Trainee: 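Before we start, here is the structure in question, set down as structure tokens.
These numbers were taken from a predicted model, which means no experiment stands behind them.
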Amino acid sequence: MEKIKNMMLSLLRAEVCGIETDITKLEKGEAEDLYDISKKHDLVHIISYALEKRELLPNSPISEKFKNEHIMAFFRHQKLAFELERLCKAFEEAGIEHIPLKGSVMRDYYPESWFRTSCDIDVLVKKEQLEKAEEVLKKQLGAKKDGESRHDIAYFTDNKIKIELHFSLVADNKNYKFEAELLKVWDYAKPASGWKYRCVLEDEMFYLFHIAHIAVHFKEGGCGIKPILDLFFLENKMEFDINKRNELIENSGLVKCCENARKLSRVWFSEEAETDITRRMGDFILSGGVYGSVANRIILQNELSKGKGRYLLSRIFLPYDRLKYQYPVIQARKWLYPLFTLVRWSRLIFVRGNTKRQLTELKYVNGVDGFVPDDMKNMLKDMDI
């Protein structure tokens, strides 16, 4: 499997970063393995494009699966780009200040914008304009609410595109050390060229948010390959003041995390020599997927420390402080908690995909000990997160 992982990284390095290396032809069965791991990290479309370009796709049924992912990624990108412009124009007309985040910004730095796929559109608005923004989504984009978390509200537009409407970059009750700086996000916002209310973040805040995002996902199970690939472009394709970046990173307590994420990005995408910490970080990321793995999350959060039985009960009877974000109606009506516990159970049982996820989690719970393995614990210590 090591050969397949290295081949995937070599193809990304060549096609996305412009650093060509020798790539051998796929042997029997390897195309399927390459498809599986790149699918896990939402990178099949780039791998397919790179293989076709170099005439390395085998003459077998798996080739069609690669090509279909390539085509679907392109159309997915077109739909997201169209919906982002529709959203921004609606907010502009309504006088709502807003900041597109994550992939909506990063894709402009890739050789082909459709290389940087996303499953949704993330946009930040001020909390005092949140209700107005929700009304605009409903009236102008035909959007329907799909849930709420501690820092964003999810909607699906009439074109079936998911919008994550953030009203903060900080999730309540997480208490990460970098939260104080992220709360100053609007101090670093300025109007985008040609717009009055659509804003962009100044480089150092955008960079801090990216590193913080990596830190959170590492802490909670893994971050996938894309944030590390994004980091290559943040370091090599954007203009920036390194002193401003470093000052904000230092103020946020993310120096070690940042240094090691940078190292890993250079190892994977600039062919720098591997170190012990980059090896451990790389193995951790590659063992998961876009959002890490269930097993990693359970282990790292040490959720089994009080026993598997108590952990399973906490998953069956979700605490009120967590359930209220899934069903905001109970925030003012706590007495409805038992009813919406039943509603949640029905969704877990009858909504396609939910049952499979829950069974997967139960399988991992049964096989995981209630402590953090030393290698993971030392990795997080070295990253200072």
Trainee: Taking the side chain as everything from C-beta on, heavy atoms only, tell me whether Arg280 gets closer than 4.5 Å to Asp382.
Mentor: yes
Trainee: What about the rings of Phe240 and Tyr207, do their centers lie closer together than 6.0 Å?
Mentor: no
Trainee: Is the shortest heavy-atom distance from the side chain of Met379 to the side chain of Asn260 under 4.5 Å?
Mentor: no
Trainee: Looking at Phe218 and Cys223, what are the two nearest heavy atoms and their distance?
Mentor: CE1-SG, 3.8 Å
Trainee: Would you please say whether a donor-acceptor pair under 3.5 Å links the side chains of Ser113 and His77?
Mentor: yes
Trainee: What I want to check is whether the side chains of Tyr49 and Glu69 have a donor and an acceptor closer together than 3.5 Å.
Mentor: no
Trainee: Any salt bridge between Asp203 and Lys244, counting N to O under 4.0 Å?
Mentor: no
Trainee: With a distance cut-off below 6.0 Å to the six-membered ring centre and an angular limit of 45° from the axis, does Arg13 pair with Phe269 as a cation-pi contact?
Mentor: no
Trainee: For a 4.5 angstrom cut-off between non-hydrogen side-chain atoms, does His41 reach Ile285?
Mentor: yes
Trainee: Under the salt bridge (charged side-chain N to carboxylate O under 4.0 Å, His left out) test, which residues partner Glu83, sequence neighbours left out?
Mentor: Arg86
Trainee: Looking at every non-hydrogen atom in both residues, tell me the closest pair between Ala154 and Lys162 and how far apart they are.
Mentor: CB-CE, 3.8 Å
Trainee: Could you check whether any side-chain heavy atom of Leu248 comes within less than 4.5 Å of a side-chain heavy atom of Leu208, counting everything from C-beta outward?
Mentor: yes
Trainee: Please determine whether a side-chain nitrogen of the Lys or Arg among Lys102 and Asp230 lies less than 4.0 Å from a carboxylate oxygen of the Asp or Glu.
Mentor: no
Trainee: With a 4.0 Å cut-off, would you call Asp384 and Lys177 a salt bridge?
Mentor: yes
Trainee: Look at Glu15 together with Lys53 and state whether they make a salt bridge at an N to O cut-off of under 4.0 Å.
Mentor: yes
Trainee: In the structure I gave you, are the side-chain heavy atoms of Ile225 and Leu12 within less than 4.5 Å of one another anywhere?
Mentor: yes
Trainee: Do Glu92 and His98 get their side chains close enough for a donor-acceptor pair, meaning under 3.5 Å?
Mentor: no
Trainee: Is there side-chain contact between His45 and Lys39, with heavy atoms separated by less than 4.5 Å?
Mentor: no
Trainee: Report the distance from atom CD of Glu85 to atom CD1 of Ile121, rounding to the nearest 0.5 Å.
Mentor: 9.5 Å
Trainee: With no hydrogens and no angle check, do the side chains of Tyr197 and Glu93 hold a donor and an acceptor under 3.5 Å apart?
Mentor: no
Trainee: Mark yes when over 12 heavy atoms from residues, nucleotides or ligands other than Glu250 sit less than 6.0 Å from its CD; otherwise mark no.
Mentor: no
Trainee: Does the structure place the NZ or CZ of Lys65 under 6.0 Å from the centre of the six-membered ring of Tyr35, at an angle of no more than 45° from the ring's axis?
Mentor: yes
